[in-house]
Amino acid sequence: MPSPSGNEAKMPPVATRFAPSPTGELHIGGARTALFNWLYARRLGGKFILRIEDTDRERSTREFVQAILDSMSWLGLSWDEGPYYQTERMDLYRREAERLLARGKAYRCICTPEELDRRREEMKARKEKPRYDGRCRNLPPEAAEGKPYVVRFKTPAEGQTVVRDLLRGDVTFENGELDDLVLLRSEGTPTYNFVVVVDDAAMGITHVLRGDDHLNNTPKQLLIYEALGYPPPRFGHFPLIHGMEGGKMSKRDAETSVMKYRDMGYLPEAVVNYLARLGWGHGDQEIFSLEDLQGLFSLEHVNLSPSRFDINKLLHLNAHYMKEADPERLALLLIPYLKPHGIEASPSPRLVRIVQTLQERARTLVEMADAAVYYFREKETDPKAAAKFLTPEIAPVLEEIADAFSALPEFSSAATEAALSEVVARRGGTLKIHQPIRVALTGGTASPGLYDVMEILGREEVVRRISSAAKRIRRG
RNA sequence: GUCCCCAUCGUCUAGUCCGGCCAAGGACACCGCCCUUUCACGGCGGCGACGCCGGUUCAAAUCCGGCUGGGGACGCCA
């Protein structure tokens with residue numbers, strides 16, 4: 001219970017943000033960052049802001065912006081404000097840079113990129129930490145006239161900056177280790193460490209939750225906050241997601257784009273569940289809906305060590321959600337995955353029935369589509385299956401069964417099962433007939449329950465496929 | 001090279017803050033068995049970890065130090 005004079009009472013409502021740069025599709029690691037920020041805001045009744053960091057004009061594209069927005073929506077991560085685009089806020093950044101220049105907190109630097117590169121290489125060769133040597137710090141203002149220049153931050157040479165990390169506690173940096181970083185490029189566009197501060201301050205961000213790779217940037221940003229005279233937000237850095245081989249997750253390990261997982265037939269709830277459990281836990285619980293997560297997520301339970309992306313566990317979770325999912329919804333979702341097989345399906349009760357037979361057998365929508373093909377057209381028979389089950393002595397039995405099915409008053413799974421036992425009984429009761437029929441019907445040895453398959457296929461098609469299998473056997 | 005972070009089964013994790021309930025629990029994967037018209041699902045069981053060394057303590061996975069190992073950052077990228 002917060003006292004009237006306590007900090008709690010004055011705490012502004014929580015605001016988090018996700019600030020991707022549209023230089024690629026939404027990365028699986030970025031998606032987790034977005035998820036954690038979204039959850040944190042939701043949990044505390046705050047707002048979640050989306051900001052597109054497109055100041056790198058060379059590499060940012062409209063298409064990537066759209067892909068990121070689509071990925072967020074697919075995952076169910078809605079934003080309360082934005083998307084803001086940094087390229088639309090250039091005036092603000094230039095104004096703030098001017099302010100720093102006027103107060104002597106920043107300076108113009110006329111070193112060329114080539115020169116800088118050269119010096120960096122030299123420093124590396126000398127085994128020093130590569131950094132700007134500050135040679136333009138005290139240049140008279142006229143020196144920059146008529147020349148291209150960048151605006152650099154005047155990092156204090158002395159003292160320490162401590163980052164009070166929400167997850168790791170205090171992390172202390174020597175200011176002397178920090179660089180005079182570039183604030184404005186020679187074309188006048190701002191760089192990351194500068195815009196992020198200006199925007200987070202302007203947007204009232206209270207909590208910056210981001211990947212570990214930004215921990216080293218934080219002291220620089222803190223110093224910029226101070227120079228600008230804005231109160232800094234709280235920071236929390238969680239570990240990166242690694243590939244199975246260790247190291248930043250790359251395409252070598254697994255697909256890194258969220259959209260690709262959708263394309264590979266994963267359900268968004270499985271991806272969300274998996275991402276949440278990667279670096280976070282809640283006792284022994286494994287299954288979490290987005291709604292569960294909103295109520296349970298907390299920074300205290302975020303792990304500090306990097307976790308590896310394990311596609312097997314994602315697959316397992318997806319299989320779980322495939323089983324849980326409403327068959328009508330799955331039927332709708334399945335349609336596009338049928339297209340590559342040349343199947344143009346449309347929503348129907350039959351499609352729902354098909355999905356129901358496949359739900360506990362398919363781990364992804366792609367697997368489900370693969371397994372569903374024989375429901376739509378006769379598949380080529382697997383030669384091994386044919387050799388084993390479509391033997392000459394089985395041909396007359398198949399013919400007998402086809403006849404029995406044709407004579408049935410109604411073609412239900414109960415009826416076909418009864419008819420089949422009758423045939424088997426007539427032949428001595430030890431006949432193994434299921435696999436031959438399965439091969440005749442589906443082209444392979446694995447399928448849902450035979451009677452269900454037959455009911456869905458319908459009498460005409462069942463009789464046709466069984467007879468044609470018998471004919472093929474007789475022809476040799 | 002310099003700075004920073006991290007360290008429980010192969011992987012994700014519970015336990016670590018407030019040392020004893022932990023001869024370390026769950027999940028994935030893997031291996032067996034059961035169920036079964038096939039394949040799956042499911043059920044049961046197995047395999048499997050506190051990186052190392054020292055310290056504090058009656059007692060350490062839990063606290064402290066060192067070592068080792070892993071990772072990240074050092075751009076006119078974000």
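Below, chain A is the first sequence line, B the second, and so on; all start at residue 1. Below, each value reflects all heavy atoms present in this structure, side chains not excepted, and no hydrogens, waters or symmetry copies.
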Exercise. Is A:Lys105 atom NZ crowded by more than 12 heavy atoms from other residues, nucleotides or ligands, each under 6.0 Å away?
Worked result: no
Exercise. Across the strands shown, which category fits A:Glu187 at heavy-atom distances under 4.0 angstrom: base, sugar-phosphate, nothing?
Worked result: base
Problem set entry | Smallest separation among heavy atoms of A:Arg308 and A:Gly243, with atom names | CG-O, 3.6 Å
Exercise. B:C64 and B:C22: how far apart are their P atoms, nearest whole angstrom?
Worked result: 24 Å
Exercise. Is the phosphate of B:C76, meaning OP1 or OP2, less than 4.0 Å from a side-chain N or O of A:Arg120?
Worked result: yes
Exercise. Side chain of A:Leu215: nearest nucleotide among B:C76, B:C4, B:G1?
Worked result: B:C4
Problem set entry | B:C50 pairs with, by Watson-Crick or G-U criteria that keep both distances under 3.5 Å | none
Exercise. So do the side chains of A:Asp54 and A:Val65 get within less than 4.5 Å of each other, counting heavy atoms only?
Worked result: no
For this session: Please state the P separation for the pair B:U16 and B:C34 - nearest whole angstrom.
Result: 41 Å
Exercise. What is the base-pairing partner of B:G19, counting Watson-Crick and G-U wobble geometry with both distances under 3.5 Å?
Worked result: none
Exercise. Does B:C39 have a Watson-Crick or wobble mate here (both distances under 3.5 Å), and if so which one?
Worked result: none
Seminar exercise, completed: Under a 3.5 Å limit on both distances, the Watson-Crick or wobble mate of B:A61 is none
Exercise. Of all residues at least two apart in sequence or in a different chain, which pass the ring pair (Phe, Tyr, Trp, His ring centres under 6.0 Å) check with A:Tyr40?
Worked result: A:His207
Exercise. Excluding sequence neighbours, so at least two apart, what forms side-chain hydrogen bond (donor to acceptor under 3.5 Å, both in side chains) with A:Glu121?
Worked result: none
Exercise. Can you check whether A:Phe405 and A:Phe411 have ring centres sitting under 6.0 Å from each other?
Worked result: yes
Exercise. Nearest-Å distance, CG (A:Asp180) to P (B:C74)?
Worked result: 16 Å
For this session: Only counting residues at least two apart or in another chain, list the ones meeting ring pair (Phe, Tyr, Trp, His ring centres under 6.0 Å) with A:Tyr84.
Result: none
Exercise. Salt bridge (Lys or Arg N to Asp or Glu O under 4.0 Å) with A:Arg438: which residues, sequence neighbours excluded?
Worked result: none
Problem set entry | Distance-only donor-acceptor test (3.5 Å): side chain A:Arg131, base B:C74 | no
For this session: Tell me what A:Thr55 touches on the nucleic acid: a base, only sugar-phosphate, or nothing, going by heavy atoms under 4.0 Å.
Result: sugar-phosphate
For this session: Using both distances under 3.5 Å as the test, list the Watson-Crick or G-U wobble partner of B:U11, or none.
Result: B:A27
For this session: Look at all strands and tell whether A:Pro239 reaches a base, only sugar-phosphate, or nothing, counting heavy atoms closer than 4.0 Å.
Result: nothing
For this session: Let me know the distance between CZ of A:Arg277 and P of B:G26, rounded to the nearest Å.
Result: 14 Å
Exercise. Any donor and acceptor pair, going by atom type alone, linking the side chain of A:Asp310 with main-chain N or O of A:Asn312 inside 3.5 Å?
Worked result: yes
Seminar exercise, completed: So the ring-ring contact (aromatic ring centres under 6.0 Å, His included) pairs with at least one residue in residues 160-193 of chain A (sequence neighbours excluded) are A:Tyr192-A:His214
Exercise. What is the base-pairing partner of B:C44, counting Watson-Crick and G-U wobble geometry with both distances under 3.5 Å?
Worked result: B:G32
Problem set entry | Strand-adjacent residues in residues 445-458 of chain A, judged by heavy atoms under 4.0 Å from RNA chain B | A:Thr445, A:Ala446, A:Ser447, A:Pro448, A:Gly449, A:Leu450, A:Tyr451
For this session: Using the C1' atom as the reference point in each nucleotide, state the distance between B:G51 and B:U8 in Å, no decimals.
Result: 10 Å
For this session: Using atom types as modelled and distance alone, determine if a side-chain donor or acceptor of A:Arg32 lies under 3.5 Å from a backbone N or O of A:Leu278.
Result: yes
For this session: Select base, sugar-phosphate, or nothing to describe what A:His242 touches, counting heavy atoms under 4.0 Å on all strands.
Result: sugar-phosphate
For this session: For A:Tyr274, enumerate each residue passing the ring pair (Phe, Tyr, Trp, His ring centres under 6.0 Å) test, keeping only those at least two apart in sequence or located in another chain.
Result: A:Phe309
For this session: Answer with yes or no whether A:Asp284 presents, from its side chain, a donor or acceptor under 3.5 Å of a partner atom in the base of B:G25.
Result: yes
Problem set entry | Whole-angstrom distance between B:G15 and B:C41, as gauged at atom P | 30 Å
Exercise. Given the C1' atoms of B:A14 and B:C9, what is the spacing between them in whole Å?
Worked result: 13 Å
Seminar exercise, completed: Of the candidates B:C4, B:G1, B:G26, the side chain of A:Glu286 sits closest to B:G26
Exercise. Which base, if any, makes a Watson-Crick or G-U wobble pair with B:U2, both distances under 3.5 Å?
Worked result: B:A73
Problem set entry | Non-hydrogen side-chain atoms of A:His301 and A:His282 separated by less than 4.5 Å | no
Seminar exercise, completed: Note: contacts of residues 411-426 of chain A with RNA chain B (heavy atom, under 4.0 Å) are none
Problem set entry | Results of ring pair (Phe, Tyr, Trp, His ring centres under 6.0 Å) for A:Phe18 - residues two or more places apart only | none
Exercise. Is there a donor-acceptor pair closer than 3.5 Å between any side-chain N or O of A:Trp280 and the backbone N or O of A:Leu299?
Worked result: no
Problem set entry | Closest listed nucleotide, where the reference is the side chain of A:Glu177 and the choices are B:G75, B:C3, B:C41 | B:C3
Seminar exercise, completed: Of the candidates B:C41, B:C76, B:U2, the side chain of A:Glu360 sits closest to B:C41
Exercise. Going by heavy atoms closer than 4.0 Å, what residues in residues 147-166 of chain A are next to RNA chain B?
Worked result: A:Val150, A:Arg152
Exercise. Over how many whole Å does the gap from A:His237 atom NE2 to B:C3 atom P extend?
Worked result: 20 Å
For this session: Would you mind telling me which of A:Arg108, A:Arg137, A:Lys154, A:Arg152 makes a salt bridge (Lys or Arg N to Asp or Glu O under 4.0 Å) with A:Asp180?
Result: A:Arg137
For this session: Output the residues of residues 301-323 of chain A in contact with RNA chain B, where contact means a heavy atom of the residue under 4.0 Å from an atom of the strand; sort by number or write none.
Result: A:His301, A:Asn303, A:Leu304, A:Ser305, A:Pro306, A:Ser307, A:Arg308, A:Asp310, A:Asn312, A:Lys313, A:His316, A:Lys323
Seminar exercise, completed: Glycosidic torsion of B:C41 (syn if within 90° of 0, anti otherwise) classifies it as syn
Exercise. Does anything in residues 56-64 of chain A reach RNA chain B, meaning a heavy atom under 4.0 Å, and if so which residues?
Worked result: A:Asp56, A:Arg59
Exercise. Any sub-3.5 Å donor-acceptor pair from A:Glu96's side-chain atoms to A:Leu92's backbone N or O?
Worked result: no
Problem set entry | Heavy atoms of other groups near A:Glu226 CD, more than 12 under 6.0 Å | no
For this session: Mind checking A:Glu53 for me? I need base, sugar-phosphate or nothing, with any heavy atom below 4.0 Å counting as a touch.
Result: sugar-phosphate
For this session: Please say whether more than 12 non-hydrogen atoms of neighbouring residues, nucleotides or ligands are located less than 6.0 Å from CD in A:Glu393.
Result: yes
Seminar exercise, completed: Considering only heavy side-chain atoms of A:Asp212, the closest of B:A78, B:C5, B:U2 is B:C5
Exercise. Closer to the 5' end of RNA chain B via nearest nucleotide, is it A:Leu278 or A:Arg126?
Worked result: A:Arg126
For this session: Specify the residue among A:Ala362 and A:Asp117 whose closest nucleotide of RNA chain B lies further upstream toward the 5′ end.
Result: A:Ala362
Exercise. What is the distance, rounded to the nearest whole Å, between atom NZ of A:Lys388 and atom C1' of B:U38?
Worked result: 10 Å
Exercise. Under 4.0 Å: is that the gap between some side-chain N or O of A:Lys248 and OP1 or OP2 of B:A73?
Worked result: yes
Exercise. When you check the side-chain N and O atoms of A:Asn318 and A:Thr364, is any donor under 3.5 Å from an acceptor?
Worked result: no
